[in-house]
There are 2 protein chains.
Amino acid sequence: MIVAAARRVVEAEGLDALTLRRVGHELGTGQASLYRHIADRRELLELIADDVARDLPRPREGDDPRRRLLDLWRAGHDYLARHRWAARIIADGDIVSPHAERFASAALAALVDAGCPESEALRGYRALWHLLLGHLLNAHPLGHHVGGEPATSPGDNVSADDPGAEFGWALTRLVDGILGRDR
Amino acid sequence: MIVAAARRVVEAEGLDALTLRRVGHELGTGQASLYRHIADRRELLELIADDVARDLPRPREGDDPRRRLLDLWRAGHDYLARHRWAARIIADGDIVSPHAERFASAALAALVDAGCPESEALRGYRALWHLLLGHLLNAHPLGHHVGGEPATSPGDNVSADDPGAEFGWALTRLVDGILGRDR
DNA sequence: ACCTGAACACCGTTCAAGT
DNA sequence: ACCTGAACACCGTTCAAGT
């Protein structure tokens, strides 16, 4: 399968290594043959993006709603952090991914369950998604060295070297801001 | 000046149109001549990214600190939204932009002024930057059509069609979450 | 009818040849 | 010494020629 071959390349060598010639070679065929199955390179990117989206996490049952919301997004972040190339694909093109919509629906529902008014849920979802995307796409914020080394004060166990924890910190703040909860 | 020529191209025709041949033509010279002034294409991107960063907004004086913080980020967003290609450059490479650091320092100081503990300011800054970057890079969140059309309820004057206002909404929530303020 | 080698129009980058 | 035309090693995409 062409999607499987493309994913093998992209997981092993990154998005820049994903050329049609490389995928063709992986399948033991010429690059021109790929055009029997896809319209262009963009479509191939769309297909592998949807393929990763298939394994986006589902919400866990049972926890309290706010916890469930936070865990879902944190799990989504950690999963996509292992497949950063997917974030790059989503950012460039206007990709429509059916499998991603399942995650989006779950995230929207979790937000409402946690107490977000329905009229704000969609904007809240988008805000969370943009926060996630920003974290995935930019390891180093604008002007790395602002303020010198991260002032690791006592009790500050979240360093920039642990992107998952850093996202978790930001996520909690944004969720609390959306839910209007004081900590 | 080579940077000016490159910016002319990128502003008029977008980042994908920025080829070295095109810039060379703009300057009335061959593409090979550019290598007298820059090491490679990446360096040219870095130079024009730093060039936009020169005009990033400065904080306004006088307002109350929270307002000043919100205005600074909102102005930063609106400015970069007019130069979206810059966000793409920052997202791909590990760009170090001296001019961007001035904005970053101001944003950090504004956060502290607004009451953010120093030990959290850097993480707060990064969270805000990632939210901004996510907004700039992704016009359409994962699976556009979740929940059908944005449920524009009465009093909901922020639609997805106004990216500036949408960012403003998310920004306010994240800032309030960081500052631990209840609305 | 289906597949694909070879070609086309690009790209960033290099380097020997020109001044 | 400085500049650059022409070439090189890539791309995505097309299409006529092969089966």
Side-chain angles (χ1 to χ4, degrees), chain A residues 1-52 83-97 137-140, chain B residues 1-52 83-97 137 140:
Chain A
M1 183 51 168
I2 181 175
V3 176
R7 275 209 60 176
R8 234 177 299 137
V9 172
V10 87
E11 296 287 3
E13 301 172 45
L15 197 53
D16 293 331
L18 186 73
T19 67
L20 296 185
R21 277 164 175 84
R22 185 82 177 69
V23 175
H25 180 80
E26 198 79 9
L27 293 165
T29 178
Q31 72 260 25
S33 311
L34 299 178
Y35 287 88
R36 290 276 118 205
H37 306 96
I38 55 167
D40 51 18
R41 186 185 138 93
R42 200 190 161 285
E43 183 173 319
L44 182 57
L45 295 180
E46 191 162 328
L47 287 171
I48 61 174
D50 189 48
D51 193 55
V52 238
H83 309 281
R84 254 171 232 279
W85 52 269
R88 283 183 56 195
I89 295 176
I90 294 165
D92 305 329
D94 287 338
I95 301 294
V96 181
S97 162
L137 290 178
N138 192 212
H140 302 286
Chain B
M1 182 52 166
I2 181 175
V3 176
R7 275 209 61 177
R8 233 177 299 138
V9 173
V10 87
E11 297 287 3
E13 303 173 43
L15 196 55
D16 293 331
L18 186 74
T19 68
L20 297 185
R21 276 163 175 84
R22 185 82 175 70
V23 175
H25 180 78
E26 199 78 10
L27 293 166
T29 179
Q31 72 261 23
S33 310
L34 299 177
Y35 287 89
R36 290 275 118 205
H37 306 96
I38 56 167
D40 51 17
R41 185 183 138 92
R42 200 191 161 286
E43 183 173 319
L44 183 57
L45 295 180
E46 190 162 327
L47 287 171
I48 60 174
D50 189 48
D51 193 55
V52 239
H83 309 280
R84 253 171 233 281
W85 52 268
R88 283 183 56 196
I89 294 176
I90 294 164
D92 304 331
D94 286 338
I95 301 295
V96 181
S97 162
L137 290 177
H140 302 285

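Labels below follow one simple rule: chain letters A, B, ... track the order of the sequence lines, proteins then strands, and each chain is numbered from 1.
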- Is B:Leu18 close to B:Ile48 at the side-chain level, that is, under 4.5 Å between some pair of heavy atoms? yes
- Task: Rounded to the nearest angstrom, tell me the gap between atom CZ in B:Arg41 and atom P in C:dC10.
- Result: 16 Å
- Query: Nearest heavy-atom pair of B:Ala5 and B:Glu26: which atoms, and what distance?
  - Reply: CB-CG, 4.1 Å
- Query: Any side-chain heavy-atom pair from B:Asp50 and B:Val3 closer than 4.5 angstrom?
  - Reply: no
- Span that lies between the P atom of C:dC8 and that of D:dA7, in whole angstrom: 16 Å
- Do A:Arg7 and A:Val52 come close enough that some side-chain heavy atom pair is under 4.5 Å? yes
- Any side-chain heavy-atom pair of B:Arg41 and B:Val23 under 4.5 Å: no
- Message: Which residues in residues 28-39 of chain B have a heavy atom closer than 4.0 Å to any atom of DNA chain C?
- Response: B:Gln31, B:Ala32, B:Tyr35
- From B:Leu44 atom CG to B:Glu46 atom CD, the distance as rounded to the nearest 0.5 Å: 10.5 Å
- Message: Please evaluate residues A:Asp16 and A:Arg88 with respect to the criterion side-chain contact (heavy atoms from CB on, under 4.5 Å), reporting the C-alpha separation (whole Å), side-chain torsions for both, the decisive distance (0.1 Å), and the verdict.
- Response: CA-CA 11 Å; A:Asp16 293 331; A:Arg88 283 183 56 195; 3.4 Å; yes
- Watson-Crick or G-U wobble partner for C:dC10, using a 3.5 Å limit on both distances? none
- Any strand, both distances under 3.5 Å, Watson-Crick or G-U wobble: D:dA16 pairs with C:dT4
- Gap between atoms CZ and P, on A:Arg42 and D:dT13 respectively (whole Å): 11 Å
- Query: Going from OG1 on A:Thr29 to CZ on A:Arg36, what distance comes out if it is rounded to the nearest 0.5 angstrom?
  - Reply: 11.5 Å
- Item | Interatomic distance where CG belongs to A:Leu45 and C1' belongs to D:dG12 [whole Å] | 12 Å
- Item | DNA chain D contacts made by residues 7-27 of chain B, counting heavy atoms under 4.0 Å | B:Arg21
